[in-house]
Structures are given as C-alpha cells and as structure tokens.
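The block underneath contains the structure these notes are about, expressed in structure tokens.
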Amino acid sequence: MRSSWADSVVNSAAENVAAGSSASNGVATAAKPTRGAYIPPHLRNLTPSSEPPAPAYSGPSSANDRSGYSGNRWGGPRNDSNQTGYSSGGRTGGWNNKSGGWDRGREREVNPFGDDVDTEKVFSEQENTGINFDAYEDIPVETSGDNVPPPVNTFAEIDLGEALNQNIKRCKYVKPTPVQRHAIPISLAGRDLMACAQTGSGKTAAFCFPIISGIMKGQASQRPPRGARTVYPLALILSPTRELSCQIHDEAKKFSYQTGVKVVVAYGGAPISQQLRDLERGVDILVATPGRLVDLLERARVSLQMIRYLALDEADRMLDMGFEPQIRKIVEQMDMPPQGVRQTMLFSATFPKEIQKLASDFLSNYVFLAVGRVGSSTDLIVQRVEFVHDTDKRSHLMDLLHAQRANGVHGKQYLTLVFVETKKGADSLEHWLCMNGFPATTIHGDRTQQEREQALRSFKSGVTPILVATDVAARGLDIPHVAHVVNFDLPNDIDDYVHRIGRTGRAGKTGLATAFFNDNNSSLAKALSELMQEANQEVPAWLSRYAARSPYVGRNRRSGGGGRFGGRDFRRDASFNRGGTDYYSGGNSSTGYGTAGGYGGGYGSGVTSAWD
DNA sequence: AAAAAAG
C-alpha cells in the first residue's frame, strides 16, 4: 500500500513510459562503490536489470526529505494549467514524475524504451516511420581541416561497443544520417569538431554516440580525492534552453541504457535538491543549461577537472552576446582541462563566421563539417510569406486556422507552432485564440518551469494543438507532428528564422512555414528572399522589391557563403586571415555530395535512421 | 529591443 502521492508518482512514471518519453533520472544501475574507488562504467553494470520491482513505498526517509520537496509539493493540486482550462489529461505534472527519490538506491535502471515487451510497438507507432530518405540523398557535404577521417556508411563499421549497438537497434536506427556518418568517425578519432548540420538531422546522436562509446572504453582514471560531495563528470553537454537540455538528457538515457554510463541533467527553474541527489548517485555525462551549472560549480558540487568531452549544442546561440561570458567562465575559468586535452564538439544548424571565430578559442586543430541545409530550407518545408499589417495579424491567423480546420487536418496530427516576438505578446495571443475557440497554450520565459513543461506536453499530446511561443522554442526542440510553423512576428535575424521553421519538416517529413511580413521586417527582406530562393521557394514579387531596396547585406553577413550550407569554415575566408594568422590549415578539404561517401541510395521503405 | 539563463 502506497501513500497517495507515491501512487501518483508511479502512475505518472507509467504514463511517461507509455508516452514513449523517458522516465528521467533512472536509478543507479549497480551498487554504488564507495567514492574514490573508480569503477569503469562497463564494469558497473554487471547486475542484471531483472531485479524485482521496488517494494511498496514506506515513506520518505528523513534524510531524503530535507528539502521538503520529496512529496507532492511541487506537483500538487495547484492546477497550473493554462487559462484555457485545457489540461494535458491524466498527468499530475510537476516534479514528482522525475523524482525517483522514493526508490532511490534500487539497483534498477528505468528502461527508457518503455516496457521491453512493447518496445517494438512503442517505437513502430512513433514518429520514426515513413522517413523520406530520398530527400537526403543529394545532401552536399563539406569538410575542412587536417587529415579529416573518412565517413562511414553504416553503424556496423564503427566499433561503438555492443551495449550501444543494442540501443541503436532498439531505437531502430538502421543507417546513420549524413551528419552522423561524418561526425562520428571524426569524434572517435579524437578530433575536435565544429559541425554545421540542418535541423532535425540527428545531431544529438552524432555527439552522444562517441561520448558514450569513449566513456565505456575509457581507461579507469584516478579520481582526485576532494570535497566529499563533489562529483566529477567525464562529459559535459551544454544547451541554451531548459527544455532542450531535458530532451538531450532523454535521448542520452536511451543511448546509454545498460551501458553503465550515467547521465544526469541540471537546469534552472526546478528544485536543485533533486538534481543534487541525482548527481550524488554518480554522473558520467552531465547535460546542463549554463546558469544552473555555474551555480553547481560555485557550490563545488560539480568539478570539471575530469572532463574529457565537451559538447555545445546550438553552439552559435551559446556563443552569442547573451551567453558568451557564462560559457567562457565555464570553459575557461573553472577547472576544465584546456582545449587539446579535452575533446570539444560544437554543433548547430547555423554558424555565423563571427561566432566561428569566437568558437575557435575552445577548439584545437578542429575539423569543420557542413552538411547541407536540407530539412530546414529545401522543398521539404514549403515557405510562404504574406504581407500582413500588424493590425491584421490576428484575423489573418484566424483565417489560416479556420482553413486548416476546414481541411480536417487539425488535431494531433496537425500541430501549429506560432512564433511571436515578446512574452507579453505570447500571453495575449494565446488568450485571444482561446477566446475564439482555438485551444492554445504558450511557452516563454516568464512562465514557471512547470508551466513551460506542461505547455509542451499539452501541445505534443494534441490537447492544445496550437502553441504560441517566443524564441525559447525556436531551437532544437523535436516535436513530432508539427505541420505548420507560423512566424506571426518575424525575427530580426535570418538564422533565427532558419531555426524556427526547422521545428517542422523534421525527419524527412514535409512541413509548412508561413511568415507575416510587413514594413517592420524590411531589414530581413533581402536575407529572407535569398534564403527562399536557395530553397527553391516561390518569392513574391513584392518581397523581391523590398529586398532590392534593402540597405542590408543578406545572410552572407552572418553565416557566410550562403548556398547549401548553414555556414562555411571561416578559416577559408581570406578576410579572416589577414594579420598573419592562417587559420586554414590547408589540409585536405573536400566538397562533394552525399554519394562521395558512398552512402547514396539503398534505403528500404520503413527503414529508420538516427534522426534527432 | 527581445529572449534566454540562477534565485
């Protein structure tokens, strides 16, 4: 007999699994060795995972309860569901579904794939079906740097280790995606990497596989005896938003299942107590947002001394004005090993040259990899631009939504993501939509973390098939079934536009992106029109006229090069090589199409690949 | 000018 909140934890976890999402923070995989006695991850997992289930809950121990959060307090009855009254149905929400505190110490690892028996079913019903591989066969690939390791064609020809291979199979990843074909061998060869690959193309797996594999094969290293509660992760993965860190964590848990490699996530807006407990149970890979990590470092609960792998997702965002100081602090001013000692990997769909230059501070003799922007800006996403005055935007949006509804394509299979400029604007548009009979919710930085996560769940589940979002949702989030992205307010930066529309058209599926353009967006006209032209989209004549009038340089100013990539290696750009430093090694460099690596063709229908 | 990220 469990207490009622324990039941809600269990139910909530069960729903988590049923929904195919990972029940986060699985409990330790094996008896925890005493600190100081380092046991390599592959030896930690000798305990079979077929242990009896955790016994009935018998109440929190006083030790666990220090924070006061172990109970239902955070997930309590206070209904935070948005003003519409649409709740995500069934979920209690809140933090308790992640707690794991009640059965901590169990030598059981939560199966992130759901029930073993149903694994096939769960995954065959998920989004990883019907991938349009044909769309990826002529993806251009460009690499530069010294002695670039050649790409592989299959997972089988890389020695990732048996346990990891097993998980790749469980994910039904049959073939590596283009970015994975190139990035994984580069990482396994120990090289630093700056990778520029289209949205939704499998970047998460591209940096997780080599990290997990490397940790499993790694030599047992001496753990420095230190402050009792300090933990020493071997890999650090940073991302710019809390939800993205959660998503990466969920993915990494799948990839590391039964490998003995422990993944922990830490981010702000959630109680730190649970994250501290997770860390104490051991961590090999730490996924974090910068603010919370700095907090943990300053409390000396985490040390970066043992870091062997550093990965920055959405690296261009991580190094832009808002984030750069924090990232520099973490990477350069704490106790992380310097570049060249650790291995560093930077990933993003866009890589402005200015940011590349900053990023090269963190890298050592790195390989630059660019994989074409298919998936975010080719014909997989139909891009439309409509001239709409600010005052007409709402009614215009309403027309679009009515049309969708009339076509019978609303509901779970037809999610609509609406981007606006400001947090206030998001709240107000959400309210207006709800008043007008369109179930909507919103995600932005003024909402509590619980509200944000609730909104995302409610959107993904189709309960509120419209999500009004600020740029917090622009990058990296993988939301299946987003068929329509509306840029209600266009961003000022074309790269932000690329990331936003990349929320649809994922995993080779088609998507629609509609933008409302007016005089306030004239500075974007040239870049937008060029981008659309590159993607073979129909550019309205009025937009071309705006573009011709535009005093601004197009996207070349930022990502440079334009064309097929989200960026080109700045080391090859003469303007960056004045002043004596020849960044570009002149080593081998190749540009070619996908088949250069020999991976053209050969996808059977229904075959799944490792998209992110 | 806005958003994000610590509380």
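Since the model is a prediction, treat every value here as computed from it, not as a measurement. Below, read A as the first sequence line, B as the second, and so on, with proteins coming before strands; counting in each chain starts at 1.
Side-chain atoms of A/Ser348 and A/Asp316 include a donor-acceptor pair closer than 3.5 Å.
A/Lys393 and A/Asp489 are joined by a salt bridge, as a carboxylate oxygen and a charged side-chain nitrogen come within less than 4.0 angstrom of each other.
Aromatic ring centres of A/Phe488 and A/Phe419: separated by at least 6.0 Å.
Under the side chain to side chain contact (heavy atoms under 4.5 Å, CB included) criterion, A/Lys424 pairs with A/Thr422, sequence neighbours left out.
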Heavy atoms under 4.0 Å is the rule here; annotate nucleotides 1-7 of chain B 5' to 3' with B where the base is hit, S where only the sugar-phosphate is, and - elsewhere.
BSSBBBS
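Under the 30°/60° scheme for interplanar angles, the aromatic rings of A/Phe209 and A/Phe255 are found to stand perpendicular.
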